[in-house]
Structure formats: structure tokens, C-alpha cells
Amino acid sequence: MKAFVSQALQGALQQLHAQGSIPGIPATLELDRPKQVEHGHLASNVALLLAKAVGRKPRDIANDIVAALPASEWIARTEIAGPGFINFFLQPAAFHAVIHRVRTEKERFGANRNGAGQRLQLEFVSANPTGPLHVGHGRGAAYGASLANILRFNGFDIFCEYYVNDAGRQMDILAASVYLRYLEAAGALPWAFPENSYRGDYVREIAAHLREQVGDRLQHAAAGLPNLPEMSDGDIAIDTLIAHLKQSLGENYRTLHSAGLDEILADIRDDLEDFDVRYERWYSERSLMDTGAVDAAVAALEKAGHCYTLEGALWFRATAFDDDKDRVLRRDNGAYTYFASDVAYHAEKFARGFTHVIDMWGADHHGYVPRVKAALRALGLDDQQLEVVLVQFAILYRGTEKVSMSTRAGEFVTLRELREEVGNDAARFFYVLRRADQHLDFDLELAKKHSEENPVFYIQYAHARVYSLLRQAAEKGLSLPSADGVDLTILQESREIALADALWRFPEVVVTAARDREPHQIAFYLRELAAAFHTYYNSTRILVEETPLRHARLTLCLAVAQAIANGLRLLGVRAPEQM
RNA sequence: GCGCCUGUAGCUCAACCGGAUAGAGCAACGGCCUUCUAAGCCGUAGGUUACAGGUUCGAUUCCUGUCAGGCGCACCA
């Protein structure tokens, strides 16, 4: 419909251009919905843009443009308003066409092929597998999964990936923590559990499972165990413990390490699966080490002459590529930094042929963006193809009190707990109700309280009401509209036009939500569509005796239900037929 | 100190990558159920868009500065 008007406008402009009255057609020409209905269904600012170049008043130019518009069955009339806007008022037939389109396209209504041929990689969550996902990770999960759905609806080929940090020191700390709990369970822990290890209950469970698996076979490493509480520096204490375990357990250290990693990763997978968040691939950091990809990436940087050695460490000259300071790739102890494997990972993403790569990181990683981009450029890659979306933190509150979310202390609220408390639908919806760059205050008390008067129910209710109408019609023995042969031209009431107008916006919102990486646009749109429906429902009786009118109105309602279902599906929220 | 994000109604947030009179939800107040689900609808009230400049036909949006909040500035991940 918009394309139709746009075509007519372009035609008029081309005609004026051919006549020499305007120098060209502005590229920034807008054809948008005015905020107020009095300003028409569509409005263009083109005359305002041309005024300066032509040297005439905008309103005069607008007059010429309107005069040059071809006659049309869908444009009822035009109006020149304000400083020189051209307002278009459409015929009801244009809106009837939208309803027809929804019924034809069904679950594909709103979809487009804008992204056809583009392979896009989306990495999100990628939380360290050192514990269950907490509510902060939930935001990234909901956001990423929704964005993936929206991009797919726009025709992009999307590949979702979770980067598993299974190689770092944090994993060793987890292994050590599991071991201490393992000893504790056997009554063989000589002192109290240390502060800076992972202390959540899940560590006890992993230790218990390990014990079932290996019995007391690993207990021998307790001999010569360094006295952690006596050591003043906690980090050194942990590292000493890890070194001791690696040495005395030998091959069995791998068993210990895997016990934690496997169980937690399985838990994370289940959790996300239940949350309807799915990945094409879980990418192991360790695999980058094992295949030599990290060696290769670092070697490539060295070969390109962007590295130097200082005090035993290998540095990348990131400052040559606009970063604040140079970065260490390999420590003086010979171990690679996290940064080194991340360079390898990103180089590998590009090597796999994605046309565009989107990373979704927590906002606390923002300082990390310049150095990754610097490394990509140093490797001769186009850093423009890497887009980093920073998702601000979700700060947990219980009433007015901030809730600590230290994973080590085990005091956090897990994503699973949140889902069980407010439900998947509400959680998915709430998480994407704000832009990514907005801080999200997640008040647990409020989330619970809202579970009954939640905006998501408002939208679901609109959907369910339509199906309720169908059930009512069946009970009363009233016939339902068939797929075709419904005369929509009877729909002339302003609220019916307004409702169809709201429907027509869905395809546009799908485009801008993808373009701006903003799933919240879908959520806000759905609330407006639901509001338009509730208004209509309250003002107009749908199940009237006159069959043609009833069929036309039900067709409109079914179109609304279809659009709501399509929108909710993009956000991972169910569209129930009954509440 | 440097960098990134943010500042809009009492609260939580929108505002279509510069457009016309800045909009919703919640909270407050007043109405609507003998008829399709009141988990709903209708209405009232609420604003110097943090502040000061600048850019232009036009600024919540872009630029500069100030103030305030969050985050980051590791041979951690």
C-alpha cells in the first residue's frame, strides 16, 4: 500500500524533473505515517526538501507535485498542510486490500526477502560455563533469540552461536571448587571452604555426582594440599591449588575438569532450550586451542609485523589500530590470553564466509570492542563487518533492595528460577520491552506482582478473544466466513479502517525492528494493535445476524489474530486461543 | 583523568537513523458489565525532553560545553 503511494509520488516527481521544474529527486525523501490521523494516512516532506534547491516556497512546489500525481483508485485525496507537507488520504479499498493480504499470507504475513542471500552470524549469551545462567544472561538470551527470529523473517540466513569459554582459568577454578566440595562430602576437607572459589549449591551437586562416578579414587590429591586459608592472597592461593591438583591428579584432572563443565553446560543448554532459545552451534574455545587456530592467528599477527615482545610476554600493537593501549596475546608464562583465542575465533568467523557478524555482549565488555576490531584490521579483514551490540545490564531488585549477583557466592537468582516464577511468556516479553542500550531494572517483586496484570496478557487476551468469537459463533449456529468470497467492502466504520491501518503497519515494523536491531519495536507494536482491537471489540458487535457483515467483521478479527500470532512468535511468546 | 552508554509525565519506558500539537503502560481521579471473556473499554489530570549554547524552514533526535547516573580502562574471563 505504501509502495503504491510511493510509486505514484515518484511518478509525479519524475514528470516534474523531466519538465525541468525540479533539479532531481531527493534521496532522503520520506513517506511516513503522520502522528495524527488528521494529517492523513501517509505524508511526505519532499516539497520541504526541494524548496532550497528550487528557490520557491515549499507549498507552491507541493501544489505542482499534487497536480502531477496520477489518478488512483486507492488515493482518496491529498492535502497540502503546514509548511508544505503533502498528506495522502486513502480509500477504504486500500485497507480492505491489507486484510485480504493477511488472510492470503497467513503465518508469512509481515515477512519479506530484504536479507535474501545474506549469511549472518549471531553470537549471544556465551556465558562462562561456571554456573547456571542468571537473570542477566536471560536478557541476552531473549534479545538474541528474538533478533534472530526477526532477521529470519526479513529473509536473512541466520546462524546462531554460543561461544563456550571452556579453556580458561575460570574453568580451572571451577574444577578446584568441585574438588574441594568433593573432599568435603567425604569429610576429608581439612579447613573451611575458601571465599574466592565457586560456592553455589550446584557445585555441591556436581561434586556429589563426581563421587558417584569415581568414588574415593581422587581423594589421594588431598595429601599435600596447600593450606589455602593461611595464604593472604586469594588469587595466588587458588592458582597454587590448581597447580597442585593438576600435578597430583595427572590424567584424572581432566575427569574433574569435565565433571563441572559437562554438567553445567548441559544445564545451560536445557535452560535455553526450555526458554525457546536455540543455537546452530556451540563453539568450543578449547577447540580453537586444540586445532592450532590460536597459534595460527597469533602467528598471522606476528607475520604482519604487529607484535612485539616485552618482559617475556607477546604484545599486539593495538594502538596502531586506534585502540587505547597495546594488548597481551601470550603471557610470560606461555599461556594465551582470552584475547588471543577471541582473535582466532573472530578470524575463524570471517573465514566461514558470513557476510556479517553480530556479537551481543554485556555492556561491561564495551572496552573490548576496539581491540577486537583492531585485531581484525591488523589481519587485513574488514572490521565493518563485525557489529557489536552492547546489552546493558539487568540490575536485580527485590523491592528497593539491590540483589547481589555474584556467581561465586552463589547468591544470584537463576534464569530458571525467574522463568518458573513469572513464566516463559512474561519473561521473554519483559526482557525485550526495552532497548538494548537501556539499563533494565528487574524488580523481582514487581515481576511477580505483574504476572497477573502483565502487558503480555493484554496482547494474548486480544488473540484469545478472536478465537472466543469463533467458539461463540459455533455455539449459536452462526456460519463462519470462508477463505474467499467475503465482501470486505462493507467495512466502512472508522474503527474498522483504523484496525486495518494498524495491521498494515506490521510489515513496516518488521523491517525497522531488524534494521535497528530492536525487538522492542515488535513488542510496542503488538500492544498498539491489541489496543486497537480491544477498542473495536468494545464498540462494535462482531457476531451480528446479517451474514455478510458478520463474515466481513470476523475476517478482520481473524486477520488481527494472525498478525498478533506472527508478532508474538517473533518474540518467542505463545498466542493462546483460550485464556 | 580517559572512553562507552544513559538523562523525556510521580514510576517504568516510547517517539519510525531532523518533521506538524512529544506518546503509552503503571500509579491517581471519574464513568461503562440483563447482549460476543471487565485479564476489557471510555474519559480527566500529569511536560521548559537534565542545563547552556550552536547548526536550519524545523531539534527529544545532529554538534560543543556543563551537570548527574551506570559501566569500563588486567599478562581475569
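Owing to the predicted nature of the structure, the values given are computational and were not obtained by experimental measurement. All chains are named by letter (A, B, ...) in the order of the sequence lines, taking the proteins before the strands, and each is independently numbered beginning at 1.
When each of V509(A), V432(A), L526(A), I522(A) is paired with L570(A), the side-chain contact (heavy atoms from CB on, under 4.5 Å) condition holds for I522(A) and for no other.
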Q: Quick one: do E496(A) and Y536(A) satisfy side-chain hydrogen bond (donor to acceptor under 3.5 Å, both in side chains)? Show the steps, please.
A: CA-CA 7 Å; E496(A) 286 161 345; Y536(A) 178 57; 2.8 Å; yes
Q: Given salt bridge (Lys or Arg N to Asp or Glu O under 4.0 Å), test D172(A) with K246(A) step by step and report yes or no.
A: CA-CA 9 Å; D172(A) 285 324; K246(A) 280 183 175 169; 3.4 Å; yes
Q. So E493(A) and R553(A), salt bridge (Lys or Arg N to Asp or Glu O under 4.0 Å) or not? Walk me through it.
A. CA-CA 11 Å; E493(A) 284 186 20; R553(A) 286 182 174 166; 3.1 Å; yes
Q. Checking ring pair (Phe, Tyr, Trp, His ring centres under 6.0 Å) for the pair F506(A)/Y525(A): CA distance, chi angles, key distance, verdict?
A. CA-CA 7 Å; F506(A) 183 55; Y525(A) 165 76; 5.6 Å; yes
Q: Report the C-alpha separation of K349(A) and E161(A) in whole Å, then their side-chain angles, then the decisive distance to 0.1 Å, and conclude whether the salt bridge (Lys or Arg N to Asp or Glu O under 4.0 Å) test is met.
A: CA-CA 10 Å; K349(A) 288 185 184 190; E161(A) 208 157 298; 5.9 Å; no
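The listed nucleotides are rG19(B), rC75(B), rA74(B); the one nearest the side chain of P83(A) is rG19(B). Residue Y458(A) places its side chain closer to rG40(B) than to any other of rG72(B), rG40(B), rC16(B). The side chain of Y537(A) approaches rC36(B) more closely than any other nucleotide in the set rC57(B), rU21(B), rC36(B). Distances were taken from every side-chain heavy atom of K35(A) (C-beta onward) to each of rC36(B), rA15(B), rA77(B); the shortest belongs to rA15(B). Side-chain proximity of N165(A) to the nucleotides rG19(B), rA77(B), rG72(B) is greatest for rA77(B). When the nucleotides rG19(B), rA77(B), rG40(B) are ranked by their closest atom to the side chain of H534(A), rG40(B) comes out on top. The nucleotide whose nearest atom lies closest to any side-chain atom of A81(A) is, among rC36(B), rG72(B), rA20(B), rA20(B).
Whole-Å rounding puts the E508(A) CD to rC17(B) P distance at 12 Å. Rounded to whole Å, atom P of rC26(B) lies 15 Å from atom CZ of F457(A). Note: NZ (K2(A)) to P (rC16(B)) measures 13 Å, nearest angstrom. At whole-Å resolution of the value, CZ in R527(A) and C1' in rA24(B) are 6 Å apart. Taking atom CZ of residue R515(A) and atom P of nucleotide rC16(B), one finds them 9 Å apart after rounding to whole Å. Summarising the geometry, the separation between CD1 on I459(A) and C1' on rG25(B) is reported as 11 Å, rounded to the nearest angstrom. A straight line from CG of N45(A) to C1' of rC17(B) spans 14 Å, rounded to a whole angstrom. L433(A) has its CG atom 16 Å from the P atom of rA24(B), to the nearest Å.
Figure legend: R77(A) and F89(A) shown as a cation-pi pair, the cationic atom lying under 6.0 angstrom from the six-membered ring centre and within 45 degrees of its axis. Taking the ring centre of Y537(A) as origin, the terminal cationic atom of R465(A) falls inside the region bounded by 6.0 Å and 45° from the ring axis.
For a distance-only test at 3.5 Å, the side chain of H520(A) fails to qualify as a donor-acceptor partner of the base of rA14(B). In terms of polar N and O atoms assigned as donor or acceptor, the side chain of N87(A) comes within less than 3.5 Å of the base of rA20(B) in a complementary pairing.
If you take atom P in rA20(B) and the same atom in rC4(B), they sit 30 Å apart, rounded to whole Å. Taking atom C1' on both rC2(B) and rA59(B), the two are 29 Å apart, rounded to the nearest angstrom. Using C1' as the reference atom, rC17(B) and rA28(B) are 37 Å apart when rounded to the nearest Å. For the C1' atoms, the distance from rG7(B) to rA22(B) is 16 Å, rounded to whole Å. Taking atom C1' on both nucleotides, rA15(B) is separated from rC51(B) by 22 Å, rounded to a whole Å. For rG46(B) and rA9(B), the P atoms lie 15 Å apart once the distance is rounded to whole Å. Between the P atoms of rU8(B) and rG70(B), the separation comes to 15 Å (whole Å). Atom name P, nucleotides rC36(B) and rG30(B): the rounded distance is 27 Å, in whole Å.
Nucleotide rA52(B) has rU64(B) as its partner under the Watson-Crick or G-U criteria, with both atom distances under 3.5 Å. The partner of rC4(B) is rG70(B), by the rule that a Watson-Crick or G-U pair needs both atom distances under 3.5 Å. Under the Watson-Crick or G-U wobble criterion, with both distances below 3.5 Å, rC33(B) has no partner in any strand shown. Both distances falling under 3.5 Å, in either a Watson-Crick or a G-U wobble arrangement, occur for no nucleotide opposite rA9(B). Using N1 to N3 plus N6-O4 or O6-N4 for Watson-Crick, or N1-O2 and O6-N3 for G-U wobble, each under 3.5 Å, rA39(B) pairs with nothing. When both distances must be under 3.5 Å, the Watson-Crick or G-U wobble mate of rU44(B) is rA28(B).
Between T512(A) and rC17(B) there is no side-chain N or O to OP1 or OP2 distance below 4.0 Å. A sub-4.0 Å separation between OP1 or OP2 of rC73(B) and a side-chain N or O of R327(A) is absent.
Side-chain N or O atoms of R428(A) include none that pairs as donor or acceptor with a backbone N or O of R574(A) at under 3.5 Å.
rC4(B) adopts an anti glycosidic conformation, its chi angle falling more than 90° from 0.
The closest side-chain donor-acceptor pair between R286(A) and S341(A), if any, does not fall under 3.5 angstrom. In this structure, a donor-acceptor pair under 3.5 Å is absent between the side chains of T130(A) and Q170(A). A donor and an acceptor atom, one from each side chain of D326(A) and Y308(A), are located under 3.5 Å apart.
Nearer the 5' end of RNA chain B, as judged by each residue's closest nucleotide, is the contact made by A436(A), out of Q578(A) and A436(A). When each of R33(A) and L49(A) is assigned the nucleotide of RNA chain B bearing its nearest heavy atom, the one mapping closer to the 5' terminus is R33(A).
At a threshold of 4.0 angstrom between heavy atoms, the contacts of F524(A) are confined to the sugar-phosphate backbone, with no base atom among them. Residue Q521(A) is classed as having no contact, given no heavy-atom separation below 4.0 Å to the nucleic acid. Residue contacts for S341(A): at a heavy-atom cut-off of 4.0 Å it reaches no nucleic acid atom on any strand shown. Using a 4.0 Å heavy-atom distance criterion, D326(A) is classed as making no nucleic acid contact. A43(A) comes within 4.0 angstrom of a base, heavy atoms only.
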Which pairs, protein N/O on one side and nucleotides 29-33 of chain B N/O on the other, fall under 3.5 Å?
none

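Between D239(A) and R169(A) there is a salt bridge, since at least one side-chain N of the basic residue sits less than 4.0 Å from a carboxylate O of the acidic one.
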Q. With the sugar-phosphate defined as primed atoms, P, OP1 and OP2, and the base as all remaining atoms, what B/S/- string results for nucleotides 3-9 of chain B, 5' to 3', for protein heavy atoms under 4.0 Å?
A. BBSSS--
